[in-house]
2 protein chains.
Amino acid sequence: MTDVADTVKASKAPAIARAAAVLRLLGKRGAPMGVQAIARELGLVPSTCLYVLRALTAENLVAFDPDTKRYALDAGVLTLARAWLRKDRFSDLAQPALDRLARDFGTTTLGVQVFDLDHIIVTAMSQSGHNFQLSTQVGSRFPALVSATGRCIAAFGGHTPEELKPRFDALRWDDPPGWDDWLAQVAQARESGVAVDDGHYLAGVTVIAAPVWKGGRPSHALVAIGIGAALRSELPRLKQALKGAAHTLSDQMDA
Amino acid sequence: MTDVADTVKASKAPAIARAAAVLRLLGKRGAPMGVQAIARELGLVPSTCLYVLRALTAENLVAFDPDTKRYALDAGVLTLARAWLRKDRFSDLAQPALDRLARDFGTTTLGVQVFDLDHIIVTAMSQSGHNFQLSTQVGSRFPALVSATGRCIAAFGGHTPEELKPRFDALRWDDPPGWDDWLAQVAQARESGVAVDDGHYLAGVTVIAAPVWKGGRPSHALVAIGIGAALRSELPRLKQALKGAAHTLSDQMDA
DNA sequence: GAATGTTATTCTGTATATTGAATGACAGAC
DNA sequence: GTCTGTCATTCAATATACAGAATAACATTC
């Protein structure tokens, strides 16, 4: 977690990198933290850390408890998130398709945004009301190469195997596929336009992902998640439907 | 909007104040903006603004479109918001009560957090499924003194009339109450423990608010919103229920 | 096609944000 | 009560982030 130092050095506005790191740390911990604890964790100088926290407090992004002298995330972050959700075209465009897919196939469906090889973020979701649903939350972050989405990104992202290998090795699966097997699955995803993870990421759970293109790059993806056994017979139809939805969405995104 | 300059000067980490201002501006606009437009709006030097934007881009808080050279909010803000929602005790504790009230009385109910005399933020919400619902969004910001919540804060916040008057004058209502009338309503809220806004803030809409106490201060409030005419007969019961829910919540918050 | 208004971006000296040590405040141990 | 560890906070020196001018890139207008 000391790559914070790198990001700070590289920037012409290091205070911002520090601030973001602090916010993320506070978010990750959940519990309120003291100045020193934060500074230690992020490799910051305590005094600098204090000034960062004070600035963030002034912006209502972190809350300060004068009694315990502890800092925690505050509700200002919500305001920003709401503003973003309001203007993000992908969420709006994807939601109807996600709802339809979730209803028709009884799966949980997600819309995700791809940032880079290290993370993707869930930005839209729909759950089928009936039967047990597999739950995630909007805003969740995942490593980009994991599960079906990972195969999508590997297939269409235009990255070299040298870039992919170390990150692939760092992933955590219930049932990790071998590198060569995985490459074969990636190749298959590239051909068919849809990627499938059959119980590797989560045992017994099948994940299907189709890329959404924007400006010639796979910037987002549609994902369907269901119990493997229950999905088996429907799988071809679901793959087709997901691919179709992703395709029309790609057209809309570039318009 | 040039109070940004003040906030910047006052801080020992001015870049953070600038960054927050940029994020808020981008959120407010919704549409992507160019470096210069942002700088002009906030009274920043273009070059500085550029560095701020680059730093924020590196943190995935703003997105940069290389073709149009425009900047917009990015999904990183969502991750922070989710982390905050996860650990905010008030939202968790309030949600069941809000759901129950919304169901029993057919109203929209909100949980809000009070920051200061200038803003409160909606952090939890429940809508009654049946009939037309009055809609707000989680993360919305309002001036603190408006509507029923405003009377709560005025009644219990321990502010002097001198502090209140100028802010009261700046409020926007559908049917603005006079200062003396308003003070009388505030006094009544103080006595009864519940504040009511009967069509002043929004014509035809009744808003009821009860304070939630934490550490001896009204830090949050529960709010119910309904069509005035439809609510009339239920009003006493609703006031009682809201007051009760706020009371038990206050106990839980301090625990 | 030259001119003029934009824009984003690079460059450099200086005001200042950051640092690391020093101070003060507090709690628990003995 | 004194000591010892940890905490937040202040302070003065300096490395550096920032303001402002200069440049480059790009439309739009004449």
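Below, read A as the first sequence line, B as the second, and so on, with proteins coming before strands; counting in each chain starts at 1.
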Compile the donor-acceptor pairs under 3.5 Å between side chains in residues 142-158 of chain B and protein atoms, sequence neighbours left out, one pair per line.
from: R151(B); atom 1: NE; to: Q185(B); atom 2: OE1; distance (Å): 2.7
from: R151(B); atom 1: NH1; to: S147(B); atom 2: O; distance (Å): 3.4
from: R151(B); atom 1: NH1; to: V196(B); atom 2: O; distance (Å): 3.3
from: R151(B); atom 1: NH1; to: D197(B); atom 2: OD2; distance (Å): 3.0
from: R151(B); atom 1: NH2; to: Q185(B); atom 2: OE1; distance (Å): 2.9
from: R151(B); atom 1: NH2; to: D197(B); atom 2: OD2; distance (Å): 3.3

- Does a nitrogen or oxygen in the side chain of R18(A) sit under 4.0 Å from OP1 or OP2 of dT18(C)? yes
- Task: Could you state the atom-to-atom distance from CG of L53(B) to P of dA8(C) in whole Å?
- Result: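 From L53(B) CG to dA8(C) P: 10 Å.
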- Message: Please report the distance, rounded to the nearest Å, between CG in D67(B) and P in dA25(D).
- Response: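 Nearest whole value for this atom pair: 17 Å.
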- Beyond-backbone contact of L249(A) with F90(A), side-chain heavy atoms, under 4.5 angstrom: yes
- Query: Side-chain contact, heavy-atom cut-off 4.5 Å: Y71(B) with L50(B)?
  - Reply: yes
- How about H247(A): does its NE2 atom have over 12 heavy atoms from other parts shown lying under 6.0 Å from it? no
- Task: Not counting sequence neighbours, list each pair that qualifies as a side chain to side chain donor-acceptor pair (under 3.5 Å) and has a residue in residues 207-224 of chain B.
- Result: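 For residues 207-224 of chain B, and leaving out neighbouring residues, there are no side chain to side chain donor-acceptor pair (under 3.5 Å) pairs at all.
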Shorter than 3.5 Å, N or O on both sides, protein versus nucleotides 6-10 of chain D: list them out with atom names.
from: dA8(D); atom 1: OP1; to: V35(A); atom 2: N; distance (Å): 2.8
from: dA8(D); atom 1: OP2; to: Q36(A); atom 2: N; distance (Å): 2.8
from: dA8(D); atom 1: OP2; to: Q36(A); atom 2: NE2; distance (Å): 3.3
from: dT10(D); atom 1: OP2; to: R54(A); atom 2: NH2; distance (Å): 2.8

